[in-house]
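This report refers to the structure that appears directly beneath it.
Bear in mind the structure is a predicted one, so any value in this text is a computation, not a measurement. Every chain is numbered from 1, with letters handed out A, B, ... down the list of sequences.
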Amino acid sequence: NDSAKPKYYVLDMFPYPSGAGLHVGHPLGYIASDIYSRYKRLKGFNVLHPMGFDSFGLPAEQYALETGQHPATTTEKNIATFKLQLDKIGFCYDWDREVRTSDPQYYKWTQWIFLQLFNSYFDTKTNKAKLVTELIKTFETEGSTNNQQRTTDNFTAEQWNTFSKKEQEEMLMNRRLAFSKYGEVNWCEALGTVLANDEIVNGVSERGGHPVEKKKMRQWYLRITDYADRLLEGLETVDFSESMKEMQKNWIGKSEGAEMDFKIVRRESSGVNVDPASKEAPTHDSPLTTHDSPLTIHASPLRVYTTRPDTIFGVDFMVVAPEHELVSQITSAGQQVAIDEYLAYVKSRSERERLAEAKTITGCFTGAYAINPFDGREIPIWIAEYVLAGYGTGAIMAVPCGDQRDFAFAKHFNIPITNIIGAHYNGEEANSTKEAVLENSGFLNGLLMKDAIGIALKKIEELGIGKRKVNYRMRDAGFSRQRYWGEPFPIIWSDGIAIPLDAEELPLELPHVDKYGPGPDGEGPLANIKEWVDVRRNTPDGVFNTNTPQGVFLQEGRRETSTMPGYAGSSWYFLRYMDPHNNQTFCDRKASDYWNQVDLYIGGTEHAVGHLLYSRMWTKVLFDLGLIGYDEPFKKLLNQGMIQGSSRFVYRILPTYLIQRDAELDNYESKLDPIFISKIQYDGIKDNNIDPVDFLLARSEDEGINKWFFEKYSMDKIGAAVTPIHVDVNIVNGVELDIEAFRNSRPEYKNAILVCEDGWVSHPGGKFTLYISGAETEKMSKSKFNTVNPDDLVLKYGADTFRMYEMFLGPVEASKPWDTKGIEGVHRFLRKLWRLFNDDIKGKVWNEDKATDAELKVLHRTIKKIEEDTERFSFNTAVSTFMICVNELADLKCHKKEILEKLLILLTPYAPHIAEELWHQLGNEGSILDANYPSFNPALLVESTKEYPVSINGKLRTNMQLALNLEQPQVEELVLQNEIVQKWLEGNQPKKIIFVKNKMINVVI
RNA sequence: GCCCAGAUGGCGAAAUUGGUAGACGCACUGCCUUCAGGUGGCAGCGUUCGUAAGGAUGUGCAAGUUCGAAUCUUGUUCUGGGCACCA
């Protein structure tokens, strides 16, 4: 933390230490960051390159639930495995700075930062977080002014002072950055627990397939929406990929539009407008006067949000989210049954499903109407799941001619469609253009839609029926989980008031539990530990009281039983690395000022919207509170691609007769050896629709295919099925199956019969033949048997080969399938490099002779290219450059220390072990990491001539060696004399000759 | 459904600013070294016509801009990723 050198902070996204250990996909980003760290160090920087573990999380808890092992134990074990694996690859992490989010000494500060969030509010005047204590002061003297917070529950100073303690706390809670309110969770009654979206498949729980429904529970949230604008603006100042920025922008989803109020009317008598059994919708032009029942105007209006107020005359119906509070109030008696049924259906569906299955159209008419304020039309109000309660006002005005979803809905329920865009609407699909001229649109007629937006908005505001409104798709981040393995909240509930612990009481350690099942009433496992939950705190005066900052004596309370989500610890870990052992503060200001922002952050795109947004928000809050000096944590983000697994398949052919379990064949497994057919036969069967039975019959001629079976049972009575089965990629060489290894992989494959590529049948101890397996690219995963363990490769080829091969696969950002085969090439390169220094027979061959110009040229071309490629993270081309360099030096028979020594320094970030070893063989003391990075001398690469490509009409025809100082006229003259050019000219003059110096020549004829 | 990214030999890929498409590596073929295998070395290797010289063609598909397009523009097809409690 103390250095005269410029600093450089290289950070990897820290891993969740899963039990499966590392596969070859994980180290990709780590290798890139390690190369860059070493490179920066050689370039004279003070480099911070730490590593740690995101060790709280659901999988460990799930595992605990199944096996009874404490998550702390399994986590500890998994971390040990991870570290062992990482160390084998030779990463230069500063393990002295390791952090673990589940370590009490770490989460002490996660809890502490949570308290800062709890004790802060967002001041909309300054767009900054401020302390709640300041807010209380202004409340006492000025009341709430509504320009300091976004909430609308306003009061005067007098009112504030007469509020009860509880009422005051409620007002404050509505403003805190970390706050608690009732929110919906996925509740699974059968499991008695709250489920993550990921734990729900097709609307039922992944475990056990039990129904899941929405349930309102008290939850903690972070008021990230207040930071929406700053999170958007901050994107302009950071170096993230465009797609990453785009994803964040979409997530935040800022849109500008209007909120409008519509009067609601309804008739009290039942079944007047609509037969509940019919899907037929009422039409807006059915005159109210034909109905004899009294018309009532509902007290509160329907508030909708729209980005297109210009389409107000095209509104044919309204859609309200099923959860909307108005639904129960406005539903007519006649529609009550239908609405209730619909609500029950919606309750069973997750939000993701509702959006994803937008194609299936569902909805229900409420029996109420909204009145269009401009033309008085009655607009039927429906509820439908495609409108979400959480976005906008939870209600929309539907314009079927302009919005595809509205259009589909109108078509489905036979709602008449008003066309306000003339020929732009074809009746077949909606058109969301803004370029059309409005028709059937009252005072907006004849206006271009994009101009009409502003005019309509102005009118709406003038009439006082609505106002401009900026909306965000992003919602406040849910911050509590009904789980065990996470940070406990430093909060005590007493009489409905959330009381924060004092900083001195942190960390609030996670208590030990014996069971990891849920607590009562949907609470987390912590609720089961009564002695932990019920608190009486000793105050200095010796009474079982607590003196809160607000001056209330607390007799007893109940701890918050939910825990923080996975992203809590990862939202600030980059700060802890700067000052990991400090027990006075989360990170000393001096340390964070010195290391400042993360210069290079490397990780996967999967964190685009979660982790990256949360950590950006936390950084902004800490900045606002003056605890750190910058409000964007990551200067540059590099996303590594995913390494996909290459799965291999064998094709098992199985008579379906066996599946029917004939009594005689109960023990078939012992008699019938599994039969596998090769890829070519599988394709043949599939492509030509061959009946697998016919195939088997034909093969049964061969000895060995369970002759007894085919003799005993007539094959035409039984069918057969072919199933592709994953086979461990590690026992397949390319696509060629290692038959022996396959037979040994599972007991039931011991006597497997393999119908091989050439048609020969392989049985145990039989002919040597070739079985080609099928191949497919999929996500790397244990269950698909396509994982490749880096340990095996490091053992076989060494860490340097492994590192360079991972880089050589392709650009870091690209996703690519793993193929171990090519690793030989990189290994050969390193051996070839070694032979520049040492001969297998002669031993040492390097010498101290003076380098020739040709050798220097090779070296300096390499210096230039390696530096350029490393700087732009093009590690794959850098590896190629090293190969070219070594090939050329070998061709030149160059064994000169003067050249090789510099090459080693260039190589050391990529292949640190061999570089260090050879560095010492050359007689150097100390680590090669302390060497001076060689500087590139352009003078050595200056050429006097160039081999120009000469094209005729853009097609390359020949090359010409020309002096570089030649200008156009001289070049033209020389080109015209060229034999091949003359041949193509056939005696004519060219139209023109294009000459780009140092590039090419093109003759146009 | 919405959003984003990508598509180049048998395979992974390169081409940094519109200027010699396929660098580098794998696989494959032939040869040298060896008793043999491995290692190491030399040569060939987009497709196609041709003994060769040489020609035609070629960066998912279709069109356009340009002396010149993998690269720019428009449309289109396919593939991968993300879309609020796995991490």
Side-chain angles (χ1 to χ4, degrees), chain A residues 13 15-18 54 56-59 62 185-186 194-200 206 219 241-247 249-251 253 351-352 355-359 386 390 404-405 473-483 486 565-567 570 604-611 613 641-642 644 734 777 779 805 808-811 813-819 821-826 828-829 831-832 835 840 865 868-869 872 874 876-877 879-884 887 890 947-951 953-959 990-994 996 998-1005:
Chain A
M13 288 184 185
Y16 174 79
S18 83
D54 191 11
F56 270 137
L58 202 50
Q62 197 80 331
V185 293
N186 301 310
V194 174
L195 296 177
N197 282 350
D198 268 42
E199 296 175 289
I200 304 168
E206 195 180 18
Q219 300 287 317
S241 72
E242 278 312 308
S243 71
M244 192 61 48
K245 289 184 180 182
E246 201 57 37
M247 271 194 246
K249 279 181 198 165
N250 289 339
W251 188 258
E351 186 161 296
R352 176 115 48 111
L355 281 171
E357 295 165 22
K359 269 178 280 183
Y386 81 93
Q404 193 53 42
R405 290 166 305 177
R473 199 173 74 90
M474 179 169 69
R475 278 170 265 156
D476 284 328
F479 196 67
S480 43
R481 305 287 184 263
Q482 283 64 48
R483 302 287 178 182
Y567 66 81
S570 62
T605 48
E606 64 271 25
H607 299 291
V609 286
H611 161 63
L613 276 178
M642 190 172 47
Q644 288 142 336
T777 301
K779 197 169 176 164
Y805 182 57
F808 190 59
L809 278 176
E813 298 100 318
S815 286
K816 55 235 154 190
W818 177 264
D819 180 11
K821 257 186 160 179
I823 199 168
E824 294 283 353
V826 176
R828 254 169 237 161
F829 151 75
R831 284 197 305 237
K832 195 165 183 175
R835 287 199 305 273
D840 287 348
K865 187 81 163 68
E868 282 171 2
D869 285 355
R872 68 188 174 104
S874 179
N876 55 329
T877 54
V879 176
S880 303
T881 304
F882 282 122
M883 289 173 170
I884 294 169
N887 288 346
E947 174 113 343
Y948 279 97
V950 181
S951 301
N953 283 344
K955 286 208 174 75
L956 179 73
R957 295 301 174 187
T958 185
N959 288 304
K991 283 202 191 113
K992 68 173 145 177
I993 296 176
I994 288 150
V996 184
N998 207 13
K999 285 278 182 199
M1000 46 64 68
I1001 297 160
N1002 189 15
V1003 182
V1004 186
I1005 56 177

- Item | CA sep, side-chain torsions, deciding dist, call: A:Gln219, A:Phe479, side-chain contact (heavy atoms from CB on, under 4.5 Å) | CA-CA 7 Å; A:Gln219 300 287 317; A:Phe479 196 67; over 6 Å; no
- Tell me, with the steps shown, if A:Phe808 and A:Ile823 meet side-chain contact (heavy atoms from CB on, under 4.5 Å). CA-CA 9 Å; A:Phe808 190 59; A:Ile823 199 168; over 6 Å; no
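Nucleotide B:rC78: paired with B:rG6 (Watson-Crick or G-U wobble, both distances less than 3.5 Å). Across all strands shown, B:rG68 has no partner, as no Watson-Crick or G-U wobble contact with both distances under 3.5 Å is found. With both pairing distances under 3.5 Å, B:rG58 is matched to nothing as a Watson-Crick or G-U wobble pair. B:rC11 and B:rG25 make up a base pair, with Watson-Crick or G-U wobble contacts both under 3.5 Å. Base pairing annotation: B:rC86 forms no Watson-Crick or G-U wobble pair, as no partner gives both donor-acceptor distances under 3.5 Å. Using Watson-Crick or G-U wobble geometry with both donor-acceptor distances under 3.5 Å, B:rC42 finds its partner in B:rG30.
Nearest to the side chain of A:Pro949, among B:rU20, B:rC24, B:rC86, sits B:rU20.
In this entry the distance linking CE of A:Met1000 with C1' of B:rG19 reads 5 Å, nearest Å. Counting to the nearest Å, the C1' atom of B:rG41 and the CZ atom of A:Arg831 are 14 Å from each other. Taking atom CG of residue A:Leu956 and atom P of nucleotide B:rU57, one finds them 14 Å apart after rounding to whole Å. The CG atom of A:Asn959 sits 11 Å away from the P atom of B:rU20 (whole-angstrom rounding). Rounded to whole angstrom, the span from the CZ atom of A:Arg473 across to the P atom of B:rC3 amounts to 11 Å. Atom-to-atom, NZ of A:Lys832 to P of B:rC24 comes out at 11 Å; the value is rounded to the nearest Å. With rounding to whole Å, A:Asn250 atom CG is found 10 Å from B:rA5 atom P. When the P atom of B:rA21 is taken as reference, atom NZ of A:Lys955 falls 11 Å away, rounded to whole Å.
If you take atom C1' in B:rC26 and the same atom in B:rU79, they sit 24 Å apart, rounded to whole Å. Between B:rG75 and B:rC3, the two P atoms lie 14 Å apart (nearest whole Å). Distance noted for atom C1' between B:rA7 and B:rC11: 15 Å (whole Å). One P atom belongs to B:rG38, the other to B:rU33, and the distance between them is 15 Å to the nearest Å. Using C1' as the reference atom, B:rA21 and B:rC45 are 16 Å apart when rounded to the nearest Å. Nucleotides B:rC4 and B:rU59, compared at atom C1', are 23 Å apart to the nearest Å. Taking atom C1' in both B:rG58 and B:rC49, the straight-line distance is 15 Å, to the nearest Å. Rounded to the nearest Å, the gap between the P atom of B:rA27 and that of B:rU17 is 33 Å.
Looking only at distances, a side-chain donor or acceptor of A:Ser815 sits under 3.5 Å from a matching main-chain atom of A:Met642. Side chain of A:Tyr948 to backbone of A:Asn998: a donor-acceptor contact under 3.5 angstrom is found. Remark: side-chain polar atoms of A:Lys832 are not paired, donor with acceptor, to backbone N or O of A:Met883 under 3.5 angstrom.
Closest of all the heavy-atom pairs between A:Lys816 and A:Pro811 is NZ-O, 2.5 Å. Listed here is the closest heavy atom pair of A:Val1004 and A:Asn953: CA-OD1, 3.4 Å. A:Tyr16 approaches A:Asp54 most closely through the heavy-atom pair CD1-O, 3.1 Å.
Among the protein residues, A:Met244 comes within range of no part of the nucleic acid, since none of its heavy atoms lies under 4.0 Å from any strand. Counting non-hydrogen atoms under 4.0 angstrom, A:Pro565 reaches nothing in the nucleic acid. Note on A:Ser480: a base of the nucleic acid sits closer than 4.0 angstrom, heavy atoms only. Among the protein residues, A:Gln219 comes within range of the nucleic acid bases, having at least one heavy atom under 4.0 Å from a base atom.
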- Message: I'd like to compare against my own output: the B/S/- annotation of nucleotides 8-16 of chain B with a strict under-4.0 Å heavy-atom distance to protein.
- Response: ----BSSSB
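Between A:Phe829 and A:Phe882, the ring planes lie tilted relative to each other; the angle falls in the 30° to 60° range.
For B:rG19, the OP1/OP2 oxygens have no side-chain nitrogen or oxygen of A:Asn998 closer than 4.0 Å. OP1 or OP2 of B:rG41 has at least one side-chain nitrogen or oxygen of A:Arg835 nearer than 4.0 Å. An OP1 or OP2 oxygen of B:rA56 is reached within less than 4.0 angstrom by a side-chain nitrogen or oxygen of A:Arg957.
Considering only heavy atoms from C-beta on, A:Thr877 comes within 4.5 Å of A:Arg872 through its side chain.
Annotation: of the two residues near RNA chain B, A:Glu246 and A:Ile823, the 5′-most nearest-nucleotide partner is A:Glu246. Heavy-atom nearest nucleotides on RNA chain B were determined for A:Lys992 and for A:Gly57, and the one closer to the 5' end corresponds to A:Lys992.
A glycosidic torsion no more than 90° from 0 defines the syn conformation; B:rG60 lies beyond that range and is anti.
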